[in-house]
Every structure is written in C-alpha cells, then in structure tokens.
Colleague: 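This is the structure I want to talk about, given as structure tokens.
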Amino acid sequence: MIYAVIDTNVLVSALITHNSLSATAKVVRLLFEGGFVPLYESNIIEEYQEVLHRSKFKLLPDVADAIISYIKEHGIETSRTAFQELMPDEDDRVFYEVSLSVDDSFLVTGNLKHYPQTPKVISPADFINVIMESQEE
C-alpha cells in the first residue's frame, strides 16, 4: 500500500481547477478510488478545515467537508516524527513530520521548495507516476 500526506495546496488546486486532467485533480480522484492511504494528524485536519473554507476559493462547504471526512475515515491518523532542522515555511512542518512517521510514505505538494529535498517529498505528477508504477507490479 502507498501512504501519503497531501499538502493543503494540492487539495485547493484540485478543487479550483477547471482541468479534470490536472495532476492535482488526479491525486484527489486516486484518493477517492483508494489508490493510496492518506496520513494525517489533527493539525493537518485543522488546516484543511480553515483553508478549504476560505471564501476566496469559493468552494462549496459540502465538497470541502466531504474530502476532509473521507481523509479522516479512510486515512490513518499518526503522530509526528520530530525534524530538527529549520524549514523555509514553519507552517508546513506538520506535513513533513507526519510524513516522517510512516516509512516509505510520501508528502505530495505543489510547493517543493517549502520542504527538504528528499525522495519522500514529491509533486502531484510524480506521485501519480509512483501509483501507476505500483499498479503495474
């Protein structure tokens, strides 16, 4: 099974795009199809709640709530593994530390520069490739 922490920017991008073939939209589709298991922690859920309900994104509250509920119901709540180094954006620390808590998990983000450059941190397009390759095995 593939495990991943999904950065909030991926969810926002997937929900506001008009391109159903975008990498972020595909990641959300794969989420609902069971293509991977989402990892989360309470602070991540709080950020999802706050950001996905911002009026500037004009998202239907029911849609935002459905995604958050799905992640909570089908994902794994896990603790954080401390990362001692400074990060470019400290608000993103929780996402990285949760990804560290499960071996071989990924952090899927559209902001690669906000995180340490490791194979664990990947773009939505690269994550889709990982899932497709695992299905071929």
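Any value given below was found using the heavy atoms of this structure, including those in side chains, with hydrogens, waters and symmetry copies removed. Keep in mind that this is a model prediction, so the values were computed, not measured.
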Colleague: Pair Leu52, Leu11 - check side-chain contact (heavy atoms from CB on, under 4.5 Å), show working.
Modeller: CA-CA 8 Å; Leu52 295 179; Leu11 297 178; 4.2 Å; yes

Colleague: Quick one: closest heavy-atom pair of His53 and Pro61, and the distance?
Modeller: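 Nearest heavy atoms, His53 then Pro61: NE2-O, 3.9 Å.
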
Colleague: Quick one: pull up CG in Leu112 and OG1 in Thr118 and give me the separation to the nearest 0.5 Å.
Modeller: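 Leu112 atom CG to Thr118 atom OG1 measures 10.0 Å (nearest 0.5 Å).
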
Colleague: Where is the tightest heavy-atom contact between Ala23 and Ala125, given as atom of each residue plus distance?
Modeller: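 Taking Ala23 first and Ala125 second, the nearest heavy atoms are CB-N, 3.7 Å.
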
Colleague: For Val121 versus Pro116, what's the shortest heavy-atom pair and its separation?
Modeller: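 Closest pair (atom of Val121, atom of Pro116, distance): CG2-O, 3.6 Å.
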
Colleague: Taking the side chain as every heavy atom from C-beta outward, state whether Val130 and Phe106 have any pair of such atoms under 4.5 Å apart.
Modeller: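 A side-chain contact exists here, since the closest heavy-atom pair is under 4.5 Å.
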
Colleague: Please answer whether the main-chain N or O of Val10 pairs with a side-chain N or O of Ser13 as donor and acceptor at a distance below 3.5 Å.
Modeller: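 Not at all, since once roles are kept as given, no pair shorter than 3.5 Å links the two residues.
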
Colleague: Going from CD on Glu77 to OG on Ser79, what distance comes out if it is rounded to the nearest 0.5 angstrom?
Modeller: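 The CD atom of Glu77 sits 9.5 Å away from the OG atom of Ser79.
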
Colleague: How far does CD1 of Ile45 sit from OH of Tyr40, to the nearest 0.5 angstrom?
Modeller: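 The OH atom of Tyr40 is 6.0 Å from CD1 of Ile45, to the nearest 0.5 Å.
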
Colleague: If we check side-chain contact (heavy atoms from CB on, under 4.5 Å) with Thr8, which of these qualifies: Thr109, Ile44, Asn111, Val51?
Modeller: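 For Thr8, the side-chain contact (heavy atoms from CB on, under 4.5 Å) check succeeds only for Val51.
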
Colleague: Check whether any side-chain heavy atom of Phe127 sits under 4.5 Å from a side-chain heavy atom of Ile2, and report yes or no.
Modeller: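 Yes, at least one pair of side-chain atoms sits under 4.5 Å.
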
Colleague: Kindly compute the distance separating CG (Leu59) from CG (Leu15), expressed to the nearest 0.5 Å.
Modeller: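 Those atoms lie 5.5 Å apart.
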
Colleague: Side chain of Ser69, backbone of Asp65: donor and acceptor closer than 3.5 Å?
Modeller: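 Side chain of Ser69 to backbone of Asp65, a donor-acceptor pair under 3.5 Å: yes, one is there.
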
Colleague: Where do Asp7 and Asn9 come nearest, in terms of heavy atoms and distance?
Modeller: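 Distance-wise, the nearest heavy atoms are OD2-ND2, 2.8 Å.
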
Colleague: Checking Asp91 now: which residues fulfil side-chain hydrogen bond (donor to acceptor under 3.5 Å, both in side chains) with it, not counting sequence neighbours?
Modeller: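 If we apply the side-chain hydrogen bond (donor to acceptor under 3.5 Å, both in side chains) test to Asp91, skipping adjacent residues, there are no hits.
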
Colleague: What pairs of residues pass the salt bridge (charged side-chain N to carboxylate O under 4.0 Å, His left out) test when at least one of them lies in residues 37-55, not counting sequence neighbours?
Modeller: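 Pairs touching residues 37-55 that pass the test: Glu50-Arg54.
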
Colleague: With sequence neighbours excluded, give me every side chain to side chain donor-acceptor pair (under 3.5 Å) pair touching residues 93-108.
Modeller: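 Pairs touching residues 93-108 that pass the test: Thr78-Ser101, Arg80-Glu97, Glu90-Arg93, Arg93-Glu97, Ser105-Lys120.
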
Colleague: Name all residues meeting the side-chain hydrogen bond (donor to acceptor under 3.5 Å, both in side chains) criterion together with Asn129; count only those two or more places apart in sequence or in a different chain, and write none if there are none.
Modeller: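 Listed in chain order: nothing, the list is empty.
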
Colleague: Among residues two or more places apart or on two chains, list those pairs meeting side chain to side chain donor-acceptor pair (under 3.5 Å) that have a residue in residues 26-38.
Modeller: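 Matches after skipping sequence neighbours: none remain.
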
Colleague: Do you reckon Leu86 sits in the same ILVMFWY cluster as Phe83, going by side-chain contacts under 4.5 Å, direct or chained?
Modeller: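 Result: no, two separate clusters.
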
Colleague: Which atoms form the tightest heavy-atom contact between Val108 and Pro124, and what is the distance?
Modeller: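 Shortest heavy-atom separation between Val108 and Pro124 comes out as CG1-CA, 3.7 Å.
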
Colleague: Could you measure the distance from the CD1 atom of Ile16 to the NZ atom of Lys56? Nearest 0.5 Å is fine.
Modeller: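 Reported value, rounded in 0.5 Å steps: 9.5 Å.
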
Colleague: Sequence neighbours left out, what passes side chain to side chain contact (heavy atoms under 4.5 Å, CB included) with Tyr70? Give chain and number order.
Modeller: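 Checked Tyr70 against side chain to side chain contact (heavy atoms under 4.5 Å, CB included); matches are Leu31, Phe32, His74.
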
Colleague: Give the cluster check for Leu21 versus Ile128: same hydrophobic cluster or not, with ILVMFWY residues linked at side-chain heavy-atom distances below 4.5 Å.
Modeller: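 They do not share one cluster, since no chain of ILVMFWY contacts under 4.5 Å joins Leu21 to Ile128.
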
Colleague: Can you tell me how far apart CZ (Phe36) and CD1 (Ile6) are? Round to the nearest 0.5 Å.
Modeller: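 The CZ atom of Phe36 sits 4.0 Å away from the CD1 atom of Ile6.
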
Colleague: Is there a donor in the side chain of Asp89 and an acceptor in the side chain of Tyr115, or the other way round, less than 3.5 Å apart?
Modeller: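 Their side chains do not contain a donor-acceptor pair, so the 3.5 Å distance test is not met.
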
Colleague: Identify the two heavy atoms, one from Ser20 and one from Ala25, that lie closest to each other, and give their separation to 0.1 Å.
Modeller: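 In this case the closest contact between Ser20 and Ala25 is O-CB, 3.7 Å.
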
Colleague: Mind checking whether Tyr48 and Phe95 have parallel, tilted or perpendicular rings, split at 30° and 60°?
Modeller: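 Answer is tilted, since the angle falls between 30° and 60°.
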
